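First the structure, in the form of structure tokens, and then the observations on it.
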Amino acid sequence: MGQVDDLQQRVHGLRLADDVLAGGDLIRPALRELRSAVKLYREGSHTSEVGRQLLRQIGELAQIAGWIASDAGQYAEAERIYRLGISAARQAEDQTLAGNIAGSLAYQLSNTGRELEGLTLAQAALNDAASDAPPKARALYLDRVAWAHTKAGGIANGQQAMRALGEAGEALSEDTPGTESPAYLYWVDAGELRVMESRVYTELQRPLRAVPLLREVLSGYDATHTRELALYLSWLAVALTDANEPEEAAAVAERVISLGVDTPSERVAERVRVILSRLQGFADVPEVAALLSEYQAA
């Protein structure tokens with residue numbers, strides 16, 4: 001159990017490191033930790049209870065390692081890691097954890113051209129684990145269902161996305177001071193739900209709703225979380241183009257690019273490509289023209 005406790009602390013340390021570092025910085029130590037944990041389980045001698053706790057930590061480690069690999073653009077590796085984690089969590093009989101990992105994989109699928117698979121998996125994660133999952137977990141499952149519906153496209157899916165966002169807020173409202181949640185859900189709060197809501201509005205091209213929400217979130221956001229700051233600003237830039245505010249969109253885009261230069265994150269790089277593509281429609285605006293001229297070739 002001492003080794004399990006040590007592993008638990010290292011896994012949480014990796015999660016905290018991911019708050020301030022990008023996937024390209026963390027992929028090697030994350031994979032090293034995962035290999036070491038799997039080897040300990042397979043080759044070590046332990047009781048059934050210690051084995052179950054080890055499996056739970058392997059599941060938690062796989063979730064964050066898969067997230068890091070995905071951020072680094074290593075999608076096949078991330079999917080392999082996520083599926084390993086789902087298997088470990090199920091063997092440990094931890095459905096809440098299995099749902100969290102499945103939701104993480106669904107999020108990747110939705111963002112990499114496999115939208116229908118992402119929607120099916122996100123919905124399955126909610127259905128399999130939500131009945132007895134803590135409020136923060138249910139809120140997160142529902143947030144991922146909302147995003148999966150958004151990426152799947154169409155009016156009906158847009159309506160389903162909005163419904164899931166509302167249900168996520170209701171679930172989180174049940175999280176009282178005495179409610180216990182797994183440590184890996186430390187980051188799930190009302191602010192994160194507002195971020196997802198604003199992103200959904202942006203994807204649905206409803207800038208009048210998206211822009212105020214994003215500005216509210218960004219006004220007090222921790223600047224040490226560089227990758228997330230760049231990502232959230234990228235959604236603001238896109239929403240501003242939809243609001244026909246190209247000058248401000250160009251200024252925000254320049255900040256995203258500046259933050260992304262030293263952030264080895266494929267997610268940020270992809271968002272920069274999206275912004276530049278969206279700004280092409282405003283190439284006759286001087287501020288946009290200057291930005292495109294400076295950065296597009298690079």
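Remember, predicted model here, so these are calculated numbers, not experimental data.
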Distance in Å, S48 OG paired with L54 CG, rounded so as to fall on 0.5 Å steps
11.5 Å
Does any pair with a residue in residues 13-55 pass ring-ring contact (aromatic ring centres under 6.0 Å, His included), and if so which ones, sequence neighbours excluded?
Y41-H46
Same apolar cluster (I L V M F W Y, side chains within < 4.5 Å links), Y75/I27
no
More than 12 foreign heavy atoms under 6.0 Å from CG of L116: is that the case here?
no
Go through the structure and list residues passing side chain to side chain donor-acceptor pair (under 3.5 Å) with S234, not counting sequence neighbours.
R271
Test salt bridge (Lys or Arg N to Asp or Glu O under 4.0 Å) applied to E79 and R83, step by step
CA-CA 6 Å; E79 182 171 349; R83 295 195 183 279; 3.1 Å; yes
A78: side-chain contact (heavy atoms from CB on, under 4.5 Å) partners, not counting sequence neighbours
A69, S70, Y82, Q108
In this structure, CD of Q160 is separated from OG1 of T150 (nearest 0.5 Å) by 11.0 Å
Can you check side chain to side chain contact (heavy atoms under 4.5 Å, CB included) on L229 and R255, steps first, answer last?
CA-CA 10 Å; L229 181 59; R255 190 176 175 200; 3.9 Å; yes
Does the distance from a Lys or Arg side-chain N to an Asp or Glu carboxylate O, for E49 and R52, drop under 4.0 Å?
yes
Is Q123 atom CD crowded by more than 12 heavy atoms from other residues, nucleotides or ligands, each under 6.0 Å away?
yes
From E287 atom CD to L292 atom CG, the distance as rounded to the nearest 0.5 Å
11.5 Å
Between R80 and E77 (salt bridge meaning N to carboxylate O under 4.0 Å), is one present in this structure?
yes
Among pairs that include at least one residue of residues 167-178, which meet salt bridge (Lys or Arg N to Asp or Glu O under 4.0 Å), considering only residues two or more places apart or in two chains?
R138-E174
Nearest 0.5 Å please: distance from the CG atom of L61 over to the CD1 atom of I101.
10.0 Å
Could you check L165 against D143 for side chain to side chain contact (heavy atoms under 4.5 Å, CB included), going step by step and ending with a plain yes or no?
CA-CA 6 Å; L165 286 174; D143 245 19; 3.7 Å; yes
The criterion is salt bridge (Lys or Arg N to Asp or Glu O under 4.0 Å); which residues satisfy it with R28, sequence neighbours excluded?
none
Check whether any side-chain heavy atom of T179 lies under 4.5 Å from a side-chain heavy atom of K136, and answer yes or no.
no
So the ring-ring contact (aromatic ring centres under 6.0 Å, His included) pairs with at least one residue in residues 175-194 (sequence neighbours excluded) are H12-Y186
Distance col, row T202:OG1 vs E197:CD, nearest 0.5 angstrom, shows 10.5 Å
Does any part of the side chain of L208, heavy atoms only, come nearer than 4.5 Å to the side chain of Y201, both counted from C-beta?
no
Establish whether L119 and L109 are linked, either directly or via other cluster members, by ILVMFWY side-chain heavy-atom contacts under 4.5 Å.
no
To check you understand the geometry: which heavy-atom pair defines the closest contact between K151 and S110, and what is its length?
CE-O, 3.5 Å
Tell me, do I81 and W67 make a side-chain contact under 4.5 Å, heavy atoms counted?
no
Under 4.5 Å between any side-chain heavy atoms of E248 and L236, yes or no?
no
Nearest-0.5 Å distance that lies between atom OG in S258 and atom CG in L233
10.5 Å
Closest heavy-atom pair and its distance - A250, L291
O-CD2, 3.9 Å
Over 12 non-hydrogen atoms of neighbours within 6.0 angstrom of CZ in R10
yes
Between D18 and R227, does a side chain to side chain contact (heavy atoms under 4.5 Å, CB included) hold up when you go through it step by step?
CA-CA 9 Å; D18 178 69; R227 179 189 58 204; 3.1 Å; yes
Pair V256-W235, side chain to side chain contact (heavy atoms under 4.5 Å, CB included): steps then yes or no
CA-CA 10 Å; V256 174; W235 295 103; over 6 Å; no
If you define the side chain from C-beta out and look only at heavy atoms, does anything of D71 sit under 4.5 Å from E266?
no
Got more than 12 heavy atoms from elsewhere within 6.0 Å of CG, D222?
yes
Between R56 and E60, does at least one N-O distance fall below 4.0 Å, as a salt bridge requires?
no
Any idea which heavy atoms bring A239 and A210 closest together, and the distance?
CB-CB, 4.1 Å
